[in-house]
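For reference, positions follow the sequence shown, starting with 1. Just so you know, ligand 1 is whichever comes first in the structure, and atom 1 is the first atom listed for that ligand. Only heavy atoms go into these numbers, but all of them, side chains included; no hydrogens, no water, no symmetry mates.
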Amino acid sequence: MSKFWNSLVHSLTPYVPGEQPQLAGLVKLNTNENPYGPSAKVLDVLHAEVGDRLRLYPDPNARDLKRAIADFHGLAAEQVFVGNGSDEVLAHVFLALLKHEQPVLFPDISYSFYPVYCGLYDIDHVTVPLSDSYQIEVGDYLKAGRCGGIIFPNPNAPTGCLVALDEIERLLKAKPESVLVVDEAYIDFGGQTIPTAIPLIARYPNLLVVQTLSKSRALAGLRVGFALGHPDLIEALERVKNSFNSYPLDRLAIAGGAAAMADRGHFELTRLAIIASREALSRALENLGFEVLPSKANFIFARHPGKDGEGLALALRERGIIVRHFKLPRIDQFLRISVGTEEQCQALVAALAEILRAAAE
Ligand SMILES: *Cc1c(COP(=O)(O)O)cnc(C)c1O
């Protein structure tokens, strides 16, 4: 604290990301990173981009990246906005599209960055409780009355639960005056066929879909995220972005991000491997007595009826395995466990079995 701080800075409660410990040999299952690493084609492009050209500013409109994203999703480049990670995209979304007279709605258990943006931009918000089974119920948003917009992750974080597309469409139809932002950070793990809301963009000018290259394309370190929607929504985001930073994406991010979107083979192979591991891990934890929420993400959210969540997280840490535990109402008995490689998942299951066995003795 300092007398030089203004009152806004005093009032902020910043987001705290999962830790990035610098210890070798850890089984790191706490931040939903992709264990398989980026495509080799991305690495080649990044190497080629390192050179004298770094002298020059990047393309402020990141056109190559927008084109690659538009091509992948069958959209026009005018329907694509890109940012320095989807966190930055979301920050611009809150300021450009969710700050209105009426409060923005989001779930009580959700991505904990949303209330942080509300604090930063002085946006009124109302949380809508998940059901007793931790599901987002669209009907509850319809009952909530007038709002300045709605945002939720789909699948939700940190629960992993998915809202069906027909329910999303029901919300878009019932609230034509509000923007619905669907934060699809994990949607590529939603199944063989990806249950994305992107096809609805053509019919609903109030839909904005946000995605990231951090999870399913294993590029959390490159910082690339994007939003897709009607050109009017995209223009609002461009106006905010160009009032903030002309070059949020550097040359490496533009080139590497475009290459990642173009390599469909690596994307399919790795996302399907993670889906298979998630299903196997969920069954293994159920066999140990855990209640596992039905996950469509690259993590699972689980609790054990006989063991305290925080205690389990600490016991795992003593064994070199880190998972995420949230000391928050309703979910403080749960662990959020990222789906790792087969070996990492096996190490986790073995450690949990040992911890539970020791406790039973
Ligand atoms: C990981 C995550 C993001 C942010 O990802 P970036 O790395 O900033 O692209 C956004 N929303 C949710 C729900 C996430 O879990």
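For Asn287, the CG atom is densely surrounded, since the number of other residues' heavy atoms within 6.0 Å is greater than 12.
Side-chain atoms of Asp87 and Tyr15 include no donor-acceptor pair closer than 3.5 Å. With 3.5 Å as the limit, one finds a donor-acceptor pair spanning the side chains of Ser277 and Glu342.
Of the protein's non-hydrogen atoms, Ser86 OG, 3.1 Å is the one closest to atom 5 (O) of ligand 1. Among protein heavy atoms, the minimum distance from atom 13 (C) of ligand 1 is reached at Asp183 OD2, 3.4 Å.
Checked by distance only, ligand 1 and Lys215 come closer than 3.5 Å through their nitrogen or oxygen atoms. At under 3.5 Å, not a single nitrogen or oxygen of Tyr111, backbone or side chain, sits near a nitrogen or oxygen of ligand 1.
For Tyr186, the closest heavy-atom approach to ligand 1 falls below 4.0 Å. Ligand 1 has at least one atom lying under 4.0 Å from a heavy atom of Gly85.
Taking every heavy atom of Ser214 and a limit of under 4.0 angstrom, the matching atoms of ligand 1 come to 6 (P), 7 (O), 9 (O). Below 4.0 Å from some heavy atom of Ala185 lie the following atoms of ligand 1, by number and element: 2 (C), 11 (N), 12 (C), 14 (C).
In this structure, Arg217 is not positioned above the aromatic face of Phe226 in the sense of NZ or CZ being under 6.0 Å from the six-membered ring centre and within 45° of the axis. Taking the centre and axis of the six-membered ring of Tyr141, the NZ or CZ atom of Arg170 falls outside the cone set by 45° and 6.0 Å.
For Tyr117 and Phe106, the gap between ring centers reaches or exceeds 6.0 Å. Side-chain rings of Tyr111 and Tyr114 approach one another, their centers coming within less than 6.0 Å.
With atom 8 (O) of ligand 1 as the reference point, the heavy atom nearest to it among Arg223, Glu33, Gln211 is part of Arg223.
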